[in-house]
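Encoded as structure tokens, the structure appears first; notes follow it.
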Amino acid sequence: AFKSGMAPKEALRASLGQRVRALANVWEITLLFVVVIGGIYTGMLSATEAAAVGAAGAFLLGFLQRKLTLRDTMAGLRDTILTSSMLFMILISANIFTYFVVLTKLPQMLISGIDAMGIGSYGIMLALLVFYIILGCFLEAFGMILITVPIFLPLVQSAGFDPIWFGVFLVLVVEAGMITPPVGMNIFVIQAQASDIPLIRIYQAVMPYVAGPILLCLLLVIFPAIALFLPEVLFAP
């Protein structure tokens, strides 16, 4: 239970010099951040290449500072193999499912059915929002995207929405689904890290974080231009 004496009564303020010195204590993280994010925004690295550079940089820093032992390295390699195998199985299954979707012409049938219902483009996006939140209770994000995008992307395009905009919308709504009670997968990850906190308390605590992305998704549907506002400003000629 929370006790009032556990936190200071007044907020501590640090000077600029103290903040700079504090950054010096975590220079490894600062360096990796500059290299990875800087590489992406300068166009030198793609997102995948930046991830590889970040992983290699973290491994090299750990090795040079002798913070990474052989046991840690072997454990990391084992976890990497297990995770990669899982992702490859998802990719193979999604590829087979995509082939099935193309053969059965499911997207075209879905578009025809939605048109017959006459719910309009906003109704389609609202239905997808509810669908993804429910689906997030049972599937992890990667599999959810691979399975559903071949079906829903033609539907979204037929409703007049841009595919890149749909990608932004999809990331937000999928992550909202991953923390939606009762079976949001990330909730159980949190509970595993804080096993002394009852699950019902975690449910209560995550609800504002579910409402936030949902509200943002609604804003994206009403004002689609905000999805690409920052990239357009950053990369404007």
Side-chain angles (χ1 to χ4, degrees), residues 14 16-95 132 136 139-149 163-179 184-194 206 209 212-213 216-217 220 226-236:
L16 180 60
Q18 290 174 321
R19 295 175 185 178
V20 173
R21 286 192 294 271
L23 283 176
N25 294 328
V26 289
W27 65 269
E28 305 98 327
I29 299 175
T30 306
L31 178 62
L32 285 176
F33 178 84
V34 171
V35 171
V36 172
I37 303 301
I40 292 175
Y41 277 96
T42 57
M44 297 177 61
L45 300 172
S46 67
T48 304
E49 292 168 344
V53 169
F59 179 83
L60 182 61
L61 287 171
F63 176 76
L64 293 177
Q65 293 182 318
R66 298 183 179 180
K67 295 180 179 179
L68 190 64
T69 64
L70 179 60
R71 178 179 295 180
D72 293 334
T73 303
M74 296 306 296
L77 289 174
R78 182 192 61 214
D79 292 342
T80 300
I81 292 172
L82 292 175
T83 303
S84 299
S85 301
M86 178 190 69
L87 293 177
F88 274 117
M89 287 302 299
I90 293 174
L91 282 169
I92 294 170
S93 302
N95 190 37
Y132 274 112
L139 291 177
E140 54 87 31
F142 192 69
M144 201 186 321
I145 292 173
L146 287 177
I147 293 171
T148 60
V149 167
I164 298 177
W165 174 92
F166 178 61
V168 177
F169 174 88
L170 186 61
V171 169
L172 288 171
V173 74
V174 164
E175 290 305 317
M178 295 293 289
I179 58 173
M185 290 186 63
N186 285 349
I187 292 178
F188 295 100
V189 174
I190 296 171
Q191 208 276 332
Q193 300 299 317
V206 300
Y209 299 97
L216 184 54
C217 288
L220 279 176
I226 64 176
L228 299 177
F229 172 74
L230 278 179
E232 290 174 351
V233 171
L234 288 173
F235 298 104

Spatial distance of atom [atom1] ([X]) from atom [atom2] ([Y]) [nearest 0.5 Å]:
X: I145; Y: Y132; atom1: CD1; atom2: OH; value: 8.0 Å
X: T69; Y: F63; atom1: OG1; atom2: CZ; value: 12.0 Å
X: D79; Y: M74; atom1: CG; atom2: CE; value: 11.0 Å
X: L82; Y: L77; atom1: CG; atom2: CG; value: 11.0 Å

For [X] against [Y], the heavy-atom pair lying closest together:
X: I179; Y: Y209; result: CD1-O, 3.5 Å
X: E49; Y: M44; result: OE1-O, 4.1 Å
X: L220; Y: F169; result: CD1-CA, 4.2 Å

Hey, could you give me each pair passing salt bridge (Lys or Arg N to Asp or Glu O under 4.0 Å) that has a residue in residues 163-177? Not counting sequence neighbours.
->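 For residues 163-177: none.
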
Applying salt bridge (Lys or Arg N to Asp or Glu O under 4.0 Å), which residue pairs with at least one partner in residues 23-34 are found, sequence neighbours left out?
->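 Listed by first then second residue: E28-K67.
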
Around atom CD1 of I37, are there more than 12 heavy atoms of other residues, nucleotides or ligands at under 6.0 Å?
->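 Result for CD1/I37: enclosed.
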
For L228, look at atom CG and say whether over 12 heavy atoms of other residues, nucleotides or ligands are found less than 6.0 Å away.
->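 Yes.
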
V173, L172, V168 screened by side chain to side chain contact (heavy atoms under 4.5 Å, CB included) with L216, the one that passes =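 When side chain to side chain contact (heavy atoms under 4.5 Å, CB included) is applied between L216 and each of V173, L172, V168, only L172 qualifies.
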
